[in-house]
Amino acid sequence: MRLKDELPVDHRLATVYRAGAALCGVILIIFGSLGFADQLGFFDTTGSQVAGLSTNGLLSLISIVVGLVLIGGAVVGGNTASNVNMAVGALFVLSGFVHLFILDRPANVLDFGMSNVVFSFVMGLLIMTFGMYGRVTGGLPHDNPYWRRRHPDRAAREDSARRAGPVAAPAPLSLSATPATAAPARIQPEPSDGRSTRRTT
């Protein structure tokens, strides 16, 4: 599986990548902005919550920066948006696993709680799904640009067959065209003259 294939300009998949990146970016920026609006301490670990999630000034700043990165990918679009989505999504999932093991420990400088861990998993998988949509799978349709780029020979053959048009099927045989079996000749009896032959001894 290769990820370096280029997406054609203005392909419909680009809309999915851009919309996913923009949506998730806006959510993160709103979350970070609410944290700054509450004037939370930068390394505060007292359990302050915003929208049901524990946060502090550092986590708010990271959320805004990551949100801007996603929106930047959405502006560029194409493969860039897809790659940004996959990278950020993978980092979110990794963050969820890391903080799952450091909850209630001094290393938890972002003040993560269990709700934050669940959010990291959900958001990470969502962003990764937007990035991998129509690109990373074993069953891509043959009109998919990534499939065509990875199988140029088969794509060329299918294009040639499509331009040639469908092959005409042979016409079915008609019963009327089947030669009829000749009827056996009827033997006509010889006409009798009404006279009989007498045997003489």
inquiry  = Before you tell me yes or no, could you show the steps for Leu100 and Met114 under side-chain contact (heavy atoms from CB on, under 4.5 Å), namely the whole-Å CA-CA distance, both residues' side-chain angles and the distance that decides it to 0.1 Å?
reply    = CA-CA 7 Å; Leu100 187 62; Met114 183 54 68; 3.8 Å; yes
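- The distance from atom CG of Leu58 to atom OG of Ser63, rounded to the nearest 0.5 Å, is 9.0 Å.
- The side-chain heavy atoms of Phe112 and Ile102, taken from C-beta on, include no pair separated by under 4.5 Å.
- A donor-acceptor contact shorter than 3.5 Å is absent between the side chain of Asp111 and the backbone of Ser54.
- How far CE of Met132 is from CD1 of Ile127: 11.5 Å, rounded to the nearest 0.5 Å.
- Smallest separation of non-hydrogen atoms from Cys24 and Met123: SG-SD, 3.9 Å.
- Val84 and Leu94 end up in different hydrophobic clusters when Ile, Leu, Val, Met, Phe, Trp and Tyr side chains are linked at under 4.5 Å.
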task = Show the numbers, then the answer: is there a side-chain contact (heavy atoms from CB on, under 4.5 Å) between His99 and Leu110?
result = CA-CA 9 Å; His99 284 90; Leu110 297 181; 3.8 Å; yes
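- Looking only at distances, no side-chain donor or acceptor of Asn108 sits under 3.5 Å from a matching main-chain atom of Arg105.
- At a threshold of 4.5 Å between non-hydrogen side-chain atoms, the residues Phe31 and Leu59 count as touching.
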inquiry  = Would Phe36 and Leu61 count as a side-chain contact (heavy atoms from CB on, under 4.5 Å) here? Give the steps.
reply    = CA-CA 8 Å; Phe36 279 120; Leu61 176 62; 3.9 Å; yes
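- Side-chain contact between Phe130 and Leu70: absent, with no pair of heavy atoms (C-beta onward) separated by less than 4.5 Å.
- For Phe42, the CZ atom is densely surrounded, since the number of other residues' heavy atoms within 6.0 Å is greater than 12.
- Both Leu125 and Phe97 are assigned to one and the same hydrophobic cluster, defined by single-linkage of ILVMFWY side chains at heavy-atom distances under 4.5 Å.
- Two residues are said to be in side-chain contact when any heavy atoms from C-beta on lie closer than 4.5 Å; Leu91 and Ser95 fail this criterion.
- Clustering ILVMFWY residues whenever any of their side-chain heavy atoms sit less than 4.5 angstrom apart, transitively, puts Val69 in a cluster other than the one holding Val76.
- Hydrophobic cluster membership differs between Val98 and Val109, with clusters built from Ile, Leu, Val, Met, Phe, Trp and Tyr side chains linked at under 4.5 angstrom.
- Here the side chains of Phe121 and Val93 are in contact, with some heavy-atom distance below 4.5 Å.
- Between Ile71 and Ile29, some side-chain heavy-atom pair lies under the 4.5 Å cut-off.
- Taking every heavy atom of both residues into account, Ser115 and Leu53 meet most closely at O-CD2, 3.6 Å.
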